[in-house]
2 protein chains.
Amino acid sequence: MTFRALAERLATGPGAIYWHMADKSDLVTGACDTLIARTVQDCVGATPEATIRVLALGMFDAMSAHPWLGAALASPAGQLPIVRILEPLGQQVCALGIPEDTRWAAVSALVSYILGVGGQNAANGQLARTRGLDRSEFLDAVATMWSQLNAREYPFTRSLAVRLRTHDDRLDFLTGIDLILRGIESTRGS
Amino acid sequence: MTFRALAERLATGPGAIYWHMADKSDLVTGACDTLIARTVQDCVGATPEATIRVLALGMFDAMSAHPWLGAALASPAGQLPIVRILEPLGQQVCALGIPEDTRWAAVSALVSYILGVGGQNAANGQLARTRGLDRSEFLDAVATMWSQLNAREYPFTRSLAVRLRTHDDRLDFLTGIDLILRGIESTRGS
DNA sequence: GACACGAATGGAACAATGTTCCAGAATTAT
DNA sequence: ATAATTCTGGAACATTGTTCCATTCGTGTC
């Protein structure tokens with residue numbers, strides 16, 4: 001979304017926008033903020049783990065629905081949008097009974113993973129869009145490239161090529177969350 | 001790094017560069033590729049877990065040393081640079097004895113986490129640089145902002161503010177990797 | 001040795017985009 | 001009604017990726 005496009009949609013000029021906003025990062029951060037606030041509120045599950053899953057999935061879906069979110073969340077660090085995600089995750093990790101000295105590691109791993117997947121997905125989507133491919137065409141292209149890799153150097157990647165065409169991003173994402181959750185819980189006993 | 005700066009450094013014009021490269025993404029992808037290839041080669045540890053740790057730390061250090069890497073790795077998805085990371089991680093996960101149907105989840109979680117942390121760190125660094133802050137000043141600014149948050153809405157984030165000033169990015173990153181590794185290994189039995 | 005032809009150069013120009021400027025319109029206060 | 005402040009919107013500026021093209025360089029040929 002460019003400033004001129006925004007100005008046209010608002011039937012005004014760029015200058016009018018700059019009277020209300022300092023710069024583009026202001027605009028984007030604000031949009032992130034309201035969107036994430038809406039996404040994060042009323043995320044409750046039966047258990048802390050379930051709540052974390054719901055939160056993570058909410059973020060995943062928000063980033064899928066708004067491709068700019070993934071890219072936008074990468075830049076304003078420590079800012080309000082990130083805190084809006086950090087806080088409920090942290091509260092749930094506390095509720096899990098994780099000792100204080102490992103809470104930060106647990107929460108930071110969750111946040112990094114969520115933002116990492118989101119950013120990667122957003123980039124994939126944007127790449128596909130600029131090339132005029134839909135999702136399955138894009139996956140096909142990647143799978144084909146992977147299957148053509150050198151068999152001796154890239155055995156593992158080649159073995160993934162088939163599975164790639166039919167995989168479910170959302171499910172894989174949730175599996176990753178569960179993986180981290182299990183890792184977190186295994187620290188509780190030690 | 002802008003094309004004009006690059007042209008000046010090379011004592012030539014932009015046109016000369018375009019004779020050899022298709023566009024900027026070509027240039028960046030190429031740079032990523034050689035850098036990651038160098039980073040990933042000879043990553044060996046005593047055990048698969050240790051090797052994964054070494055690989056991840058290598059990527060972390062490379063992204064710290066070259067801030068553009070984090071941003072660059074977000075865009076070319078499924079491309080060679082990503083595959084260069086995916087492959088050795090996958091091989092080590094295989095060596096861990098993870099059953100085939102959960103290998104993808106394990107590897108994809110690792111990759112997403114590594115890229116997520118890298119991207120976030122790169123963004124933090126860039127933000128700090130544009131504001132002319134060094135690392136400790138930047139952490140101070142974030143810690144101060146966090147400690148001034150509303151106590152009722154953001155208890156967890158506030159409780160992190162103190163710890164933030166003295167934390168070690170590299171160590172936290174490795175802790176996250178260990179978390180995921182433990183989660184991966186706990187799937188082996190089930 | 002002169003010439004021809006493709007490879008490579010480098011600087012000017014173009015297009016898109018974030019940003020600033022400013023003359024004026026709209027609104028509000030006195 | 002007048003003055004001052006707020007707000008608008010379009011023109012202009014700076015930066016950056018990219019393209020164009022006249023020119024130069026190197027190499028093989030007669």
Side-chain angles (χ1 to χ4, degrees), chain A residues 1-36 63 66-82 119-120 122-133 138 141, chain B residues 1-36 63 66-82 119-120 122-133 138 141:
Chain A
M1 205 31 76
T2 152
F3 260 54
R4 276 162 187 78
L6 185 63
E8 193 182 357
R9 178 97 63 121
L10 263 46
T12 178
I17 302 172
Y18 272 87
W19 179 260
H20 301 275
M21 301 275 172
D23 54 11
K24 192 177 188 181
S25 106
D26 241 42
L27 186 74
V28 169
T29 303
C32 276
D33 208 40
T34 65
L35 187 50
I36 291 179
M63 292 195 245
H66 309 279
W68 50 271
L69 237 192
L73 281 176
S75 40
Q79 238 102 340
L80 215 57
I82 302 283
Q120 208 67 16
N124 283 359
Q126 188 135 14
L127 187 66
R129 220 168 310 120
T130 57
R131 293 191 188 170
L133 305 169
F138 174 73
Chain B
M1 206 29 77
T2 153
F3 260 55
R4 277 161 186 78
L6 185 64
E8 193 183 357
R9 179 95 65 121
L10 262 48
T12 178
I17 301 173
Y18 272 87
W19 180 259
H20 300 275
M21 301 276 172
D23 54 11
K24 192 176 187 182
S25 106
D26 241 43
L27 185 74
V28 169
T29 303
C32 275
D33 208 40
T34 64
L35 187 51
I36 292 180
M63 291 197 243
H66 309 279
W68 51 270
L69 236 193
L73 282 176
S75 40
Q79 239 100 341
L80 215 57
I82 302 283
Q120 208 67 17
N124 284 358
Q126 187 137 14
L127 187 67
R129 221 168 310 120
T130 56
R131 294 191 188 170
L133 304 168
F138 174 73

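A note on names: the letters A, B, ... follow the listed sequences, proteins ahead of strands, and every chain is numbered from 1.
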Polar atoms only, N or O, under 3.5 Å: list the protein pairs with nucleotides 23-29 of chain C and their distances.
none

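- When the P atom of D/dA14 is taken as reference, atom CZ of B/Arg4 falls 14 Å away, rounded to whole Å.
- Here the CE atom belonging to A/Met21 is positioned 10.0 Å from the OG1 atom belonging to A/Thr29, to the nearest 0.5 angstrom.
- In this structure, CD1 on A/Ile36 lies 9.0 Å from CG on A/Leu80, to the nearest 0.5 angstrom.
- When rounded to the nearest whole Å, the span between CD of A/Glu8 and P of D/dG10 equals 11 Å.
- Taking each heavy atom of B/Gly13 and B/Ala7 in turn, the nearest pair found is C-CB, 3.7 Å.
- The CG atom of B/Asn124 sits 4.0 Å away from the CZ atom of B/Phe138 when rounded to the nearest 0.5 Å.
- In this entry the distance linking CG of B/Leu27 with P of D/dG17 reads 10 Å, nearest Å.
- Across A/Ala122 and A/Pro67, no two heavy atoms sit closer than the pair CB-O, 3.3 Å.
- Contacts between residues 9-22 of chain A and DNA chain D, defined by a heavy-atom separation under 4.0 Å, are made by A/Ala11, A/Thr12, A/Gly13, A/Pro14, A/Gly15, A/Ala16, A/Trp19, A/His20.
- Taking atom CG on B/Asp23 and atom C1' on C/dA16, their separation rounds to 16 Å, with Å as the unit.
- Nearest approach of A/Leu73 to B/Gln120, heavy atoms of both residues: O-NE2, 3.8 Å.
- Listed by first and then second residue, the salt bridge (charged side-chain N to carboxylate O under 4.0 Å, His left out) pairs that reach into residues 17-33 of chain A are A/Asp33-A/Arg84, sequence neighbours excluded.
- With rounding to the nearest 0.5 Å, the separation of NE2 in B/His66 from CG in B/Leu35 is 4.5 Å.
- Put simply, CE on B/Met1 is 11 Å from P on D/dG17, counting in whole angstrom units.
- Taking 4.0 angstrom as the limit, B/Thr2 places none of its side-chain polar atoms (N or O) nearer than this to OP1 or OP2 of D/dT15.
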